[in-house]
Protein chains: 2
Amino acid sequence: MINVKQQHMVEVRRKFIAFLEKKGQRKTAERFLILDKIYERTDHFDAEALYHLVNRQRHHVSRATVYNTLELLVDSGLVMRHQFGNSSSQYEKAYGYRQHDHIICVRCRKVVEFCDPRIQQIKTRMGELLHFKITSHELHLHGYCESCQQQIDLEGSASQ
Amino acid sequence: MINVKQQHMVEVRRKFIAFLEKKGQRKTAERFLILDKIYERTDHFDAEALYHLVNRQRHHVSRATVYNTLELLVDSGLVMRHQFGNSSSQYEKAYGYRQHDHIICVRCRKVVEFCDPRIQQIKTRMGELLHFKITSHELHLHGYCESCQQQIDLEGSASQ
DNA sequence: ATAGTTGCAAAAGCTTTGCAGTATG
DNA sequence: CATACTGCAAAGCTTTTGCAACTAT
């Protein structure tokens with residue numbers, strides 16, 4: 001199990017190295033540290049959380065570098081950027097992680113991932129129809145999760 | 001034709017009035033002015049653009065009021081809020097305007113609207129599966145529009 | 001009358017930038 | 001060794017907030 005994980009990280013780093021070389025960018029320790037930290041987690045995070053995560057033990061990496069590296073990683077396709085609410089950008093690792101979309105509870109802000117093959121059909125069809133070469137997409141469904149819905153029902157029947 | 005438009009605005013204002021009354025909010029001149037300005041245009045705009053639009057002739061409405069009213073209008077369902085890039089929130093009128101999604105050129109930032117019935121199927125299916133009561137969605141396709149794609153092809157064949 | 005709204009300016013929050021020092025290729 | 005990157009702090013932008021004045025109900 002651990003070997004599979006390590007193998008995966010080797011592959012991810014290789015991808016990043018290839019990207020940096022293609023772009024003529026340097027392979028700095030900070031960039032790899034950030035990459036590793038991002039791939040340690042499976043959930044969403046924002047730049048500030050990543051900044052603290054990276055600086056938890058010993059290391060020091062500035063916010064500027066965190067933002068700069070996130071930009072590179074998004075460009076390289078190794079990290080995805082999302083804007084859920086009106087708050088800050090959310091990021092998540094993207095490589096070797098199945099393509100998925102998000103359903104967000106408008107009340108408790110919980111985010112659940114899902115997959116639906118129809119989205120691929122839409123991308124193909126609309127790309128043809130509108131003459132776009134589609135490279136990516138983002139689908140957000142908004143609504144009330146089960147527990148929030150229950151609470152709302154309770155409140156509704158209790159008062160007024 | 002003009003009558004149809006006027007009729008539509010009467011309906012929109014009525015909707016807004018109903019919302020304000022339900023929420024116990026006041027029906028101020030500023031709020032209706034902002035609503036009218038929004039419904040005069042069919043494209044997307046941000047809060048700053050709306051602020052200037054509202055203050056073009058005579059009237060004076062502050063940014064705070066613009067933001068405050070946009071919030072109300074989004075809550076009432078009369079206006080939709082989108083986050084396309086990393087820039088500011090984009091808004092557009094929502095009532096009586098067919099449901100649609102957006103395809104965005106990552107190079108020139110052009111935004112085109114489209115409809116696909118499959119999105120409704122996804123909403124219904126995922127709502128059931130994940131026990132969410134879906135209220136809305138946002139689908140963004142990202143890619144290269146025809147003209148940007150052509151320019152890229154030219155650049156690619158010209159240099160290196 | 002009185003509670004909600006407005007306008008203003010200041011503050012807040014996220015992200016970017018300029019510059020001097022540092023490290024990579 | 002030249003150039004690109006980092007860290008820091010300051011600036012930039014969008015959006016929110018506090019407060020006094022105002023106004024719809």
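These numbers come from the heavy atoms of this one structure, side chains and all, not from hydrogens, waters or symmetry mates. First the proteins, then the strands, lettered A, B, ... as listed; each starts at 1.
For the pair B/Arg14 and B/Glu11, the salt-bridge criterion is not met [side-chain N within less than 4.0 Å of a carboxylate O]. A salt bridge is defined here as a Lys NZ or Arg NE, NH1 or NH2 lying under 4.0 Å from an Asp or Glu carboxylate O, and B/Glu21 with B/Lys27 meets this definition. Between A/Asp36 and A/Arg13, at least one side-chain nitrogen of the basic residue sits less than 4.0 Å from a carboxylate oxygen of the acidic one, meeting the salt-bridge criterion.
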Show which side-chain atoms of residues 65-72 of chain A pair as donor or acceptor with protein atoms under 3.5 Å away, not counting sequence neighbours.
unit_1  : atom_1 : unit_2  : atom_2 : d
A/Thr65 : OG1    : A/Ser62 : OG     : 3.2
A/Thr69 : OG1    : A/Thr65 : O      : 2.8

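At a threshold of 4.5 Å between non-hydrogen side-chain atoms, the residues A/His137 and A/Asp101 count as touching.
Scanning for ring-ring contact (aromatic ring centres under 6.0 Å, His included) contacts around A/Phe132 gives an empty result, with sequence neighbours left out.
Within a heavy-atom distance below 4.0 Å of DNA chain C, the residues of residues 62-72 of chain B found are B/Ser62, B/Ala64, B/Thr65, B/Asn68. For the contact set between residues 30-50 of chain B and DNA chain C, defined by any heavy atom under 4.0 Å, the members are B/Glu30, B/Arg31. Remark: A/Arg26, A/Lys27 in residues 15-29 of chain A come within less than 4.0 Å of DNA chain C through at least one heavy atom.
Within the structure, the ring-ring contact (aromatic ring centres under 6.0 Å, His included) test picks out the following pairs touching residues 100-124 of chain B (sequence neighbours left out): B/His44-B/His102, B/His82-B/His102, B/Phe84-B/His102, B/Tyr97-B/His100, B/His100-B/His102.
Residues B/His140 and B/Glu138 have side chains that bring a donor and an acceptor to within less than 3.5 angstrom of each other. For the residue pair A/Tyr144 / A/Arg107, no side-chain donor-acceptor distance below 3.5 Å is found, with atom types taken as modelled.
Taking atom CG of B/Asn55 as the reference point, atom P of C/dT6 lies 13 Å away to the nearest angstrom. In this structure, the CD atom of B/Gln83 is 11 Å from the P atom of C/dT15, given to the nearest Å.
At least one side-chain nitrogen or oxygen of A/His60 sits closer than 4.0 Å to the OP1 or OP2 atom of D/dC8.
Distance alone, capped at 3.5 Å, places no donor-acceptor pair between the B/Ser76 side chain and the B/Phe16 backbone.
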